[in-house]
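One structure below.
It should be emphasised that the depicted structure is a prediction, and the values quoted were computed from it without experimental measurement. What's counted below: heavy atoms across the whole structure, side chains too, no hydrogens, waters or symmetry copies.
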Amino acid sequence: MRRYTYEKRRNVTLIEVVICMSIIIIISTLCFFNGDNKNYVLNSFTKQLCSDIRYVRKCNMMGDLKTYIYYKEEKNYISYILRSNSKDIKEVQLPKGASLAGLSKISFKQDGTPISKGSTIKVYNGIIKKEITIVPVSGRVLLKEGRYEA
């Protein structure tokens, strides 16, 4: 005689799986460290400056030689200003506690090479350091981030 034993199995519904996964995701997002906000702000500022320098280069190559970037220092903050046709188009403030070193005016010739000999613009905030390099021969704008450092 064979005896058949039946185990009581409970089928898991899709709703239960979704609820369980959402609880796990919520708990895991609360456990992770949000990261350094200063690093994010400095990264976004540096990428914005790099993008605006590329915009100035493109405008200068298209024949608009009155477009350039210059720095402005006030008591409480440092900013850069994008200027075109004697009008300030955009002003972007440097994050608090950060410093900026490099060219005081950024503009290019019509062939895309920089008017100055090319330079490195350094944006730093204590430990965090970002560099934007304007290549002298080609005028390319390169952003050096932490992954290239030894």
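Clustering ILVMFWY residues whenever any of their side-chain heavy atoms sit less than 4.5 angstrom apart, transitively, puts Met62 in a cluster other than the one holding Tyr68. Under a hydrophobic clustering in which Ile, Leu, Val, Met, Phe, Trp and Tyr are joined whenever their side-chain heavy atoms come within less than 4.5 Å, directly or via other members, Ile15 and Ile23 fall into the same cluster.
In this structure a side-chain-to-backbone donor-acceptor pair under 3.5 Å is missing from Ser51 to Lys47. Looking at Thr133, its side chain never comes within 3.5 Å of a backbone N or O of Val135 through a donor-acceptor pair. In this structure a side-chain-to-backbone donor-acceptor pair under 3.5 Å is present from Ser44 to Val41.
With no hydrogens or angles considered, no side-chain donor-acceptor pair links Glu131 and Thr120 at under 3.5 Å. At a cut-off of 3.5 Å, with distance as the only test, no side-chain donor of Asn60 or Lys109 sits close to an acceptor on the other residue.
Taking the centre of each ring, Tyr80 and Phe45 come in below the 6.0 Å mark.
Rounded to the nearest 0.5 Å, atoms CZ (Arg57) and OG1 (Thr113) are 8.5 Å apart. The CD1 atom of Ile134 lies 6.5 Å from the OG atom of Ser116; values are rounded to the nearest 0.5 Å. Atom NZ of residue Lys66 and atom OG of residue Ser86 lie 6.0 Å apart, to the nearest 0.5 angstrom. Note that CD of Glu91 is 5.0 Å distant from OH of Tyr77, once rounded to the nearest 0.5 Å. Summarising the geometry, atom SG belonging to Cys59 is positioned 10.5 Å from atom CG belonging to Leu65; distances are rounded to the nearest 0.5 Å. In this structure, the separation between CD1 on Ile106 and CZ on Arg83 is 15.0 Å, given to the nearest 0.5 Å.
Looking at Leu82 and Val92, their side chains never come closer than 4.5 Å, going by heavy atoms from C-beta outward. Looking at heavy atoms from C-beta onward, Gln93 lies out of side-chain contact with Ile78 at the 4.5 angstrom threshold. At a threshold of 4.5 Å between non-hydrogen side-chain atoms, the residues Lys90 and Gln48 count as touching. Put simply, the side chain of Thr13 does not reach to within 4.5 Å of the side chain of Val17, judged on heavy atoms. Contact annotation: the side chain of Ile53 approaches that of Phe108 to within less than 4.5 Å [non-hydrogen atoms, C-beta and beyond]. Side-chain contact between Glu16 and Leu14: absent, with no pair of heavy atoms (C-beta onward) separated by less than 4.5 Å.
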Query - Tyr71 and Leu94: CA distance, side-chain angles, deciding distance, side chain to side chain contact (heavy atoms under 4.5 Å, CB included) verdict - result: CA-CA 10 Å; Tyr71 302 136; Leu94 190 67; over 6 Å; no

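Between Ile121 and the choices Leu100, Thr46, Ile69, the side-chain contact (heavy atoms from CB on, under 4.5 Å) rule is met once, by Leu100.
Among all heavy-atom pairs drawn from Ser107 and Val56, the shortest one is CA-CG1, 4.2 Å. In terms of heavy atoms, Gly97 sits closest to Asn125 at O-OD1, 3.1 Å. Cys50 and Ile132 make their closest contact through N-CD1, 3.9 Å (heavy atoms, listed as atom of the first residue, atom of the second, distance). Of all non-hydrogen atoms in Gly139 and Pro114, the two that sit nearest each other are CA-CD, 3.7 Å.
Partners of Asp64 by salt bridge (charged side-chain N to carboxylate O under 4.0 Å, His left out), not counting sequence neighbours: none found.
No more than 12 heavy atoms of other residues, nucleotides or ligands sit less than 6.0 Å from atom OH of Tyr55.
Relative to the six-membered ring of Tyr124, Lys129 misses at least one condition, a distance below 6.0 Å or an angle of at most 45° to the axis.
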